[in-house]
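Excluded from the calculations below are hydrogen atoms, water molecules and symmetry mates; all remaining heavy atoms, backbone and side chain alike, are included.
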Amino acid sequence: MITLYSYPELCGVADNNGYGLKVFAYLKLAAIPFVHEHVLDASAAPRGQLPYITDDGEVIGDSDTIITHLATKYHVAIDAELTAAQRDTNHLVIRMLDDIYWVMSYSRWKDEAFWPAFRDILLREHTGVAPEDLNKAKEFNALRYHYQGIGRFAPAAAYARGLADLRVLADLVPAEGYVHGGTPTSIDAAVYGFIANIYFYPIETPLKQFVASQPNLVRHCEAIHAAVGR
């Protein structure tokens, strides 16, 4: 049996981190049975990062590595009909989602305009989390953002970067169906992982405002959300 280890759910999504939610959605869309364990401590994870899975005693980290492992071992067919050009598009979008991650995370932990609301949601939904632990996480993330680079941006400049990425997604996701046709594929799971972590949050960041203004992104997010559940 596969066990997925990822961050806790929040605001109705199964993981409050885009990478873990991407793997969760892929497992659901691929109809692979698994157990979902929510954790906050990533020290047991490969490279100290969530998500990771255990599969017959093998420990596998990194969301893209996990999905490649699952697709190969379990002969997942949802990407079988993709063309080479579509696979190239997937690669580019996945790299762009990495960029969106940093801006989304910045909006939660760095931007003082939104940090209090995010903190309060965490404390309300996860009563076992101590405020001092969140403050330590905030300080740790501030260092991550500084060394990655996004932490050196003023909020307006950081959001401009994220909004540019989201506009590309808004052009890519169709008004009906999914990214590559009438059925969802792995890229839909990836897009959902990040858009759901913006759209379902009751925090009016510039990212949330943009996503909510795009009917195709909202429809796609809600369709995958309904398909994968919690």
Side-chain angles (χ1 to χ4, degrees), residues 1-7 13-15 17-37 45-47 49-101 165-166 168-200 211 214-230:
M1 174 64 75
I2 295 167
T3 300
L4 167 64
Y5 295 88
S6 74
Y7 287 108
V13 297
D15 186 323
N17 180 282
Y19 296 105
L21 190 60
K22 173 174 77 172
V23 175
F24 172 88
Y26 181 86
L27 284 160
K28 289 282 192 173
L29 293 175
I32 299 173
F34 69 103
V35 173
H36 197 179
E37 294 287 346
R47 294 178 295 279
Q49 293 179 310
L50 296 174
Y52 71 99
I53 66 168
T54 57
D55 185 11
D56 293 333
E58 187 175 3
V59 180
I60 303 156
D62 178 73
S63 61
D64 294 328
T65 303
I66 291 168
I67 287 172
T68 298
H69 165 83
L70 295 170
T72 302
K73 181 173 180 179
Y74 296 96
H75 309 290
V76 178
I78 61 174
D79 286 351
E81 301 302 318
L82 296 184
T83 66
Q86 288 171 329
R87 293 177 189 276
D88 287 346
T89 297
N90 288 1
H91 180 86
L92 294 172
V93 170
I94 286 168
R95 293 294 180 264
M96 186 174 68
L97 291 171
D98 290 341
D99 198 62
I100 290 174
Y101 162 79
D165 293 334
L166 289 174
V168 172
L169 279 184
D171 289 340
L172 181 69
V173 172
E176 301 293 335
Y178 300 95
V179 172
H180 294 311
T183 57
T185 62
S186 64
I187 196 60
D188 296 289
V191 170
Y192 168 75
F194 293 87
I195 297 300
N197 267 296
I198 297 170
Y199 174 66
F200 287 112
V211 169
Q214 304 297 309
N216 58 325
L217 290 181
V218 171
R219 180 207 59 80
H220 181 275
C221 182
E222 291 180 339
I224 299 294
H225 190 67
V228 304
R230 291 172 63 185

Hey, are the side chains of [X] and [Y] touching, using non-hydrogen atoms and a 4.5 Å cut-off?
X    : Y    : value
I53  : H69  : yes
D62  : R47  : yes
V228 : Y192 : yes
L50  : N17  : no

Rounded distance (nearest 0.5 Å) linking atom [atom1] of [X] with atom [atom2] of [Y]:
X    : Y    : atom1 : atom2 : result
R87  : L82  : CZ    : CG    : 5.0 Å
T65  : L70  : OG1   : CG    : 10.5 Å
I32  : K73  : CD1   : NZ    : 10.0 Å
Q214 : H220 : CD    : NE2   : 14.0 Å
D165 : D99  : CG    : CG    : 4.5 Å

If you compare all heavy atoms of [X] against all heavy atoms of [Y], which two are closest, and at what distance to 0.1 Å?
X    : Y    : value
S6   : P51  : CB-CB, 4.0 Å
A30  : V76  : CB-CG1, 3.6 Å
P174 : R219 : O-NH2, 3.2 Å
L21  : A14  : CD1-N, 3.8 Å
Y52  : G61  : CB-CA, 3.9 Å
F34  : M1   : CA-SD, 3.6 Å

Looking at [Y], is its backbone amide N or carbonyl O close enough to the side chain of [X] to form a donor-acceptor pair, meaning the two atoms are under 3.5 Å apart?
X    : Y    : answer
D55  : I2   : no
D188 : T185 : yes
Q86  : T83  : yes

Subject >> Option passing side-chain contact (heavy atoms from CB on, under 4.5 Å) with N216 (candidates L169, V173, L172, D171) >> reply: V173

Which donor-acceptor pairs under 3.5 Å do the side chains of residues 89-97 make with protein atoms, sequence neighbours left out?
from, atom 1, to, atom 2, distance (Å)
T89, OG1, A85, O, 3.1
N90, OD1, H180, NE2, 2.7

**OP:** Report the C-alpha distance between T183 and I78 in whole Å, list the side-chain angles of each, state the deciding distance to 0.1 Å, and finish with yes or no for side-chain contact (heavy atoms from CB on, under 4.5 Å).
**Re:** CA-CA 8 Å; T183 57; I78 61 174; over 6 Å; no

**OP:** With side-chain contact (heavy atoms from CB on, under 4.5 Å) as the test, would you mind laying out the steps for I195 and L166 before giving the verdict?
**Re:** CA-CA 9 Å; I195 297 300; L166 289 174; 3.7 Å; yes

Original post:
How are the rings of Y19 and Y101 set relative to one another: parallel (under 30°), tilted (30 to 60°) or perpendicular (over 60°)?
Top reply: tilted

Subject >> Derivation of the side-chain contact (heavy atoms from CB on, under 4.5 Å) call for D15 and F24 >> reply: CA-CA 8 Å; D15 186 323; F24 172 88; 5.6 Å; no

Subject >> Under-4.0 Å salt bridge between K22 and D64 >> reply: yes

**OP:** Using the side-chain contact (heavy atoms from CB on, under 4.5 Å) rule, take H225 and F200 through it: C-alpha gap first, then chi angles, then the decisive distance, then the call.
**Re:** CA-CA 10 Å; H225 190 67; F200 287 112; 3.6 Å; yes

